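One structure below.
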Amino acid sequence: MATSTPRMKITYATLSADNEELQTAFDAAVERARGELGRSYPMLIGAEERRGATEFEDRSPIDASIVVSRFPVGTRQDVRDAIGAAREAFPAWRALGWRKRLELMRRAADLISERQFDYGALMMFEVGKNRLEALGDVEETADLLRYYSDEMEKADGFVKPMGSLSPSEHTRSVLKPHGVWGVISPFNFPMALAGGPAAGALIAGNTVVIKPSSDAPLMGFIFCQVLREAGVPAGVCNLVTGPGESVGAELEENAGIDGLVFTGSYEVGMRLQAGFTKEYPRPIITEMGGKNPSIVMASANLEEAAEGVMRSAFGYDGQKCSANSRVYVERSVARAFVDLLAEKAKQIRVGDPTDRRNWMGPVINARSLAKFTDAVAEAKRDGGTIEAGGEVLADEATARGFFPTPTVVAGLPVTHRLFRDELFVPFIVVGEVDSLDEALRLANDTAYGLTAGIFSHDDEQIRTFLDTIQAGVVYVNRRSGATTGAWPGIQSFGGWKGSGSSGKSGLGPYYVQQFLREQSQTVMGQEPPPA
Ligand code: UN1
């Protein structure tokens with residue numbers, strides 16, 4: 001695959017890329033990606049590239065007649081073999097030492113950055129992201145490898161001298177890897193949310209078995225391949241594709257898995273939380289959905305608020321667990337705010353994202369599109385007004401894909417279920433409130449508590465919001481995204497209340513520790529040898 005280096009760093013906060021060089025390079029990468037479509041890929045089990053008895057097709061949400069890739073329908077036995085390979089690789093990977101591991105991970109990060117365009121273009125076909133979102137996802141993966149490596153280094157490999165009760169006693173605390181981690185990753189950040197959690201585990205010295213989403217297996221495969229290219233030994237990163245009922249279930253039940261990291265739906269995450277530790281305690285990290293609120297006060301700059309909400313409600317079609325899907329706006333400015341938001345929603349160009357003019361592409365599959373049309377029908381039935389959107393595109397270019405339009409709904413009671421249930425589609429409800437206290441009460445009345453935002457230029461309101469809001473990632477007056485767009489080392493990302501089990505978030509300074517366990521080492525009469 002050809003490589004090309006981007007001229008500017010793309011993150012989720014990049015508002016536009018009026019950079020012809022970048023656009024032309026991306027267009028060329030899209031053409032190269034077209035030539036790669038439809039190939040068959042193997043699972044990665046130790047040094048073996050394993051084909052299955054049957055394959056499934058990974059089809060593009062842009063046009064369901066496009067087969068992006070073909071992957072094996074893995075079995076429980078494939079997972080057992082992958083766990084076996086990961087166990088075998090573990091002692092040498094741990095013994096390699098963190099400095100050497102970091103060298104390999106940083107090398108992999110540079111390879112990923114170099115190939116940002118090619119990977120971004122393939123991702124565009126696989127999950128329908130626009131180019132900035134796709135480039136952001138690839139670059140985030142590379143930055144996750146770099147940031148977690150930096151944190152490991154800053155902590156000096158998590159070896160800390162302890163006190164001593166006598167001169168002959170030498171004690172230190174050492175954090176050690178658990179062994180083999182399962183990584184179950186979602187479709188919506190197909191590289192960053194396979195690569196990021198895997199990187200946390202690997203940098204800590206564990207080995208992994210990745211099960212990518214069946215809607216996006218290619219990006220997980222590419223991640224594992226890049227590690228191998230960078231020199232990470234084969235059995236350290238294994239990949240098994242196939243359904244949750246067999247491949248996912250084996251990862252959950254197999255006693256050879258020492259820890260599990262999951263990103264995905266609330267239902268599956270909560271089931272794993274309960275099931276994974278049934279026999280004995282094992283660490284599990286879950287990052288589930290969010291019904292993320294933003295609050296718009298009369299003191300806000302309404303233009304800034306509408307822009308921030310628009311970007312977080314409709315960026316990648318609302319298919320981010322960080323997406324903004326409910327707004328509480330102070331009554332006196334509600335009409336003006338809704339009009340601005342609706343206007344911005346109507347200006348969004350929806351369509352095939354390989355065309356650079358389109359900012360919103362498709363949702364991931366037919367099930368997702370049905371969620372959207374059902375929500376629109378429900379809002380209308382229950383007296384809501386569709387202020388923008390509410391339609392599905394079905395012209396020559398879009399009929400074979402899944403293209404909802406960005407939808408703003410007002411007029412529903414704030415107790416309606418559309419203020420409560422996460423939909424993962426471009427659909428936002430706006431409710432009116434009389435005070436910040438009322439907005440905060442409603443914002444906090446959720447099973448989730450992942451991200452939240454406020455628009456206000458009143459210091460007292462900002463302070464009250466920061467003191468009271470129950471969410472893991474919060475933003476004040478952020479035009480580039482009211483609730484979305486966290487970046488490694490800039491924000492951390494994980495939830496309070498039902499979303500994220502440990503309260504230590506991805507992208508942040510306390511992530512790698514979660515893949516380690518503590519050992520206290522006391523050696524009499526001499527210093528312990530270097531760890
Ligand atoms: C997710 O959707 O599972 O902050 C998390 C953001 C992204 C969120 C990714 N980093 O918008």
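As the structure is a computational prediction, the values presented were derived from the model and not from experiment.
- In summary, the side chains of N19 and Q23 do not present any donor paired with an acceptor at a separation below 3.5 Å, with no hydrogens or angles considered.
- A side-chain donor from one of S113 and R146 sits under 3.5 Å from a side-chain acceptor of the other.
- Remark: the E55 side chain and the S40 side chain contain an N/O donor-acceptor pair separated by less than 3.5 Å.
- Contact check for P404 versus D317: side-chain heavy atoms found under the 4.5 Å cut-off.
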message = Please determine whether side-chain hydrogen bond (donor to acceptor under 3.5 Å, both in side chains) holds for the pair Y510 and E151, giving the CA-CA distance in whole Å, both sets of side-chain angles, and the decisive distance to 0.1 Å.
response = CA-CA 8 Å; Y510 311 109; E151 288 304 302; over 6 Å; no
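- Side-chain contact of Q225 with R228: a donor-acceptor pair under 3.5 Å is absent, judged by distance alone.
- Looking at residues two or more places apart in sequence or on another chain, you find a salt bridge (Lys or Arg N to Asp or Glu O under 4.0 Å) between R357 and D355.
- Contact detail for G351 and N358: the closest heavy-atom pair is C-ND2, 3.3 Å.
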key: Audit row: N365, S368, side-chain hydrogen bond (donor to acceptor under 3.5 Å, both in side chains) steps and yes/no   = CA-CA 5 Å; N365 54 33; S368 203; 4.5 Å; no
request  = Show your reasoning for whether salt bridge (Lys or Arg N to Asp or Glu O under 4.0 Å) applies to E252 and R271.
outcome  = CA-CA 10 Å; E252 177 188 348; R271 199 178 48 67; 3.2 Å; yes
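- The shortest side-chain heavy-atom distance between W181 and I285 falls under the 4.5 Å cut-off.
- Scanning both residues, Y148 and I203, for their nearest heavy atoms gives CB-CD1, 3.5 Å.
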query = Between E229 and R107, is a salt bridge (Lys or Arg N to Asp or Glu O under 4.0 Å) present by the stated rule, with each step listed?
reply = CA-CA 9 Å; E229 245 181 278; R107 195 179 300 158; over 6 Å; no
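- Applying the side chain to side chain donor-acceptor pair (under 3.5 Å) test to K278 and every residue at least two apart in sequence or in another chain returns nothing.
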request  = For salt bridge (Lys or Arg N to Asp or Glu O under 4.0 Å), just list the numbers for E422 and K291, CA-CA rounded to whole Å, side-chain angles, deciding distance to a tenth of an Å, and then say yes or no.
outcome  = CA-CA 5 Å; E422 184 182 29; K291 186 71 184 177; over 6 Å; no
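- Contact of the V79 side chain with the T75 side chain is not registered, since no non-hydrogen atoms from C-beta on lie closer than 4.5 Å.
- The two atoms that bring L96 and L104 nearest to each other are CD2-CD1, 4.0 Å, heavy atoms only.
- Inter-residue side-chain proximity for L122 and E126 is flagged as unmet; no heavy-atom pair is nearer than 4.5 Å.
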request  = Apply the test salt bridge (Lys or Arg N to Asp or Glu O under 4.0 Å) to residues R282 and D258: give CA-CA distance (whole Å), side-chain angles for both, the deciding distance (0.1 Å), then the verdict.
outcome  = CA-CA 6 Å; R282 297 189 277 187; D258 300 300; over 6 Å; no
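- Residues P217 and S69 are in side-chain contact: their nearest non-hydrogen atoms beyond the backbone lie under 4.5 Å apart.
- Panel note: side chain R94, backbone P177; no donor-acceptor pair is recorded below 3.5 Å.
- A pairwise comparison of heavy atoms in P212 and T241 identifies CG-CG2, 4.0 Å as the closest pair.
- If you check the side chains of Q273 and T286, you find a donor sitting under 3.5 Å from an acceptor.
- Pairing each heavy atom of V350 with each of F403, the nearest pair is CG1-CD2, 4.2 Å.
- The closest side-chain donor-acceptor pair between S312 and T484 falls under 3.5 angstrom.
- In this structure, K320 forms a cation-pi arrangement with Y12, its terminal cationic atom sitting closer than 6.0 Å to the ring centre and no more than 45° off the ring axis.
- Annotation: cation-pi geometry not satisfied between R356 and F26 (NZ/CZ under 6.0 angstrom from ring centroid, within 45° of ring axis).
- Between Q491 and R478 the shortest heavy-atom distance is NE2-NH2, 4.2 Å.
- Cation-pi geometry between K129 and F189 is met: under 6.0 angstrom from the ring centre, within 45 degrees of the axis.
- Each of L193, L507, T11 was compared with E140 under the side chain to side chain contact (heavy atoms under 4.5 Å, CB included) criterion, and only L507 meets it.
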